[in-house]
Amino acid sequence: MTKILLKNAEVLGADGIVKSADIAVEGTLIHQVGKISAEWHADKVIDCTNKLAIPGLVNTHTHAAMTLFRSYADDMVLMDWLQNKIWPAEGNLVAEDVYWGTSLAIAEMIKSGTTTFSDMYFHMPQVAEAVAESGIRAVLARGMAGVAPNGEQALIESEDFFQQYHNAADGRITVMLGPHAPYTCPPEYLKRVANLAQRLGAEIHIHLSETFGEVVECKKKHGKSPIELMKDLGVLECGVLAAHCVHVSDADILLMKEANVRVAHNPGSNMKLASGVAPVPAMLKAGLCVGLGTDGAASNNNLDMLEELRLVAMLHKVHALDPLLIPANTAVSMATANGAQALGLGNVAGRIAPGLKADITLFNMHAPHWYPRHDRVSLLAYSAGAGDVHTVMVDGKILLDNKCLTTIDEERLMYEADRRGRHLVQHQS
């Protein structure tokens with residue numbers, strides 16, 4: 001069992017306060033935080049002078065392999081983007097493409113301080129392979145569209161994937177079911193997904209109320225909002241991670257609170273696609289767990305959680321003309337502890353505390369934009385950049401060492417991703 005000592009760090013605690021401390025890591029777990037007992041001896045010591053240690057960033061919603069479509073179809077309306085560009089291009093994907101696209105996403109996420117991500121896509125065994133090889137933590141869901149020709153096959157594959165990969169990679173992989181959205185999954189299909197979730201003991205990751213048009217169409221077709229529809233179909237009883245929730249009413253929020261729905265808020269993607277501004281302050285006030293996500297790199301166009309952290313802290317201020325909304329410490333919590341809770345990992349990660357998994361990101365603060373250090377949490381939220389990420393540890397294993405990836409061949413990865421990404425879209429209009 002490897003013992004690592006992070007010495008002389010400035011550690012962000014669960015209370016939002018930064019204190020000087022050492023962190024003792026034993027195997028996959030945080031052993032001690034603070035002054036380490038004299039009889040404990042480390043195999044490796046990392047000098048953390050001028051470094052801020054935070055719980056690893058948690059990306060609660062993405063479609064990792066969509067890195068292959070980054071910059072391909074920008075500045076479009078969501079449904080036009082999906083139907084005329086993304087879905088046709090995705091039809092060309094083979095399993096190996098998804099492996100390389102996911103690996104590209106993982107490399108980008110690790111280098112920008114993310115230790116856990118939640119993914120919804122297809123060819124999920126290849127996604128799991130990329131996760132297992134890289135050492136990152138992930139919550140994976142096989143995306144399902146009931147209206148698609150492979151809707152039935154997706155249900156079968158989802159069950160098989162859960163049976164084979166839930167708690168795989170030494171527990172770093174957990175599995176949810178991933179019905180895409182109410183507009184791609186008819187009510188009867190969603191009922192079957194809910195029944196499968198109950199039978200497996202799985203939770204559900206789904207897009208809900210992302211656009212105004214989606215909500216209008218749902219009310220026209222079913223006489224109720226997407227949230228109300230999910231309640232009536234039994235989906236909310238399964239434990240739900242709901243992506244976006246941009247156009248939700250006060251009544252929707254009440255239903256979400258009653259069912260303990262956790263929200264993956266994607267400010268960057270919502271802004272780029274002009275989907276709207278989610279009522280996050282109202283959700284937080286109601287006691288909902290709201291984490292942050294990037295969405296896919298085709299609609300963001302990066303997987304930088306620091307950027308989402310900053311956006312959530314600023315978007316809601318300007319939208320409501322209230323500078324007191326989403327202060328820095330709230331935004332940081334949304335990107336760490338709230339994210340872990342949203343993914344069902346709150347008792348595993350999201351905080352630097354003894355007994356939790358050693359998922360830790362170190363930021364190098366020795367740079368002009370980190371001075372003067374009046375408030376380190378404020379500096380993290382409003383000043384830090386992905387380039388400040390120095391070391392990333394997941395499950396006690398160092399995945400980024402002084403900005404260098406330790407488990408991924410970065411040059412080969414970029415070559416493969418570029419080659420495959422261009423091939424996928426070369427026959428598209």
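Note that the coordinates shown come from a computational prediction; the quantities given were computed from them, not determined experimentally. Residues: numbered from 1 along the sequence shown.
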Salt-bridge present ([X], [Y]; N to O < 4.0 Å):
X    : Y    : answer
R310 : E307 : no
E416 : R419 : yes
E203 : R262 : yes
E237 : K231 : no
R192 : E152 : yes
K219 : E228 : no

Do the non-hydrogen side-chain atoms of [X] and [Y] ever get within less than 4.5 Å of each other?
X    : Y    : answer
S269 : T294 : no
M365 : L379 : no
T116 : N59  : no
F122 : E90  : yes
M314 : P267 : no
M305 : L292 : yes
L399 : L405 : no
T361 : T115 : yes

Under the criterion side chain to side chain contact (heavy atoms under 4.5 Å, CB included), which of [options] is the partner of [X]?
X    : options          : result
M144 : L177, N150, T184 : L177
V127 : L140, I173, I106 : L140
V139 : T60, V58, T174   : T174
L208 : I227, V235, V215 : I227

Looking only at side-chain N and O atoms, does [Y] offer a donor or acceptor that is under 3.5 Å from a partner on [X]?
X    : Y    : result
Y415 : E410 : no
S333 : N338 : no
H423 : Q426 : yes
N301 : K272 : yes
K357 : T28  : yes
N270 : N266 : no
D119 : H63  : no

Search all heavy atoms of [X] against all heavy atoms of [Y] and return the closest pair with its distance.
X    : Y    : answer
L190 : C185 : CD1-O, 3.3 Å
H316 : P281 : ND1-CD, 3.7 Å
A386 : D304 : CB-OD2, 3.7 Å
P327 : Y382 : C-OH, 4.4 Å
V246 : S275 : CG1-O, 3.6 Å
A313 : A331 : CB-CB, 4.0 Å

Working to the nearest 0.5 angstrom, can you tell me the gap between [X] [atom1] and [Y] [atom2]?
X    : Y    : atom1 : atom2 : value
D295 : H265 : CG    : NE2   : 12.0 Å
L284 : M334 : CG    : CE    : 5.5 Å
M256 : N260 : CE    : CG    : 10.5 Å
K403 : N364 : NZ    : CG    : 7.0 Å
D75  : W81  : CG    : CH2   : 12.0 Å
N329 : S378 : CG    : OG    : 10.0 Å

Is the count of non-hydrogen atoms from other residues, nucleotides or ligands lying under 6.0 Å from [X] atom [atom1] greater than 12?
X    : atom1 : answer
K191 : NZ    : no
E411 : CD    : no
D250 : CG    : no

Ignoring hydrogens and geometry, is there a side-chain-to-backbone donor-acceptor pair from [X] to [Y] under 3.5 Å?
X    : Y    : answer
S383 : L380 : no
D252 : S249 : yes
N92  : L424 : yes
T114 : I110 : no
D388 : G385 : yes
Y189 : G151 : yes
E129 : P125 : no
R172 : A132 : yes
K257 : G287 : yes
D395 : D359 : no

Stepwise side-chain contact (heavy atoms from CB on, under 4.5 Å) test for T211 and M79: CA-CA 10 Å; T211 67; M79 293 313 298; 6.0 Å; no
Within the 6.0 Å centroid threshold, strictly below: H244 and H61: yes
Worked verdict on H366 versus H390 for ring-ring contact (aromatic ring centres under 6.0 Å, His included): CA-CA 11 Å; H366 193 54; H390 180 278; over 10 Å; no
Test log, rule side-chain contact (heavy atoms from CB on, under 4.5 Å), inputs T336 and R351: CA-CA 7 Å; T336 54; R351 291 170 289 130; over 6 Å; no
Parallel, tilted or perpendicular: ring planes of H180 versus Y183, cut at 30 and 60 degrees: perpendicular
Y371 six-ring face occupied by R373 cation (under 6.0 Å, within 45°): yes
CA sep, side-chain torsions, deciding dist, call: I360, I23, side-chain contact (heavy atoms from CB on, under 4.5 Å): CA-CA 10 Å; I360 299 167; I23 305 171; 4.1 Å; yes
Pair V332-I54, side-chain contact (heavy atoms from CB on, under 4.5 Å): steps then yes or no: CA-CA 9 Å; V332 170; I54 74 163; 5.7 Å; no
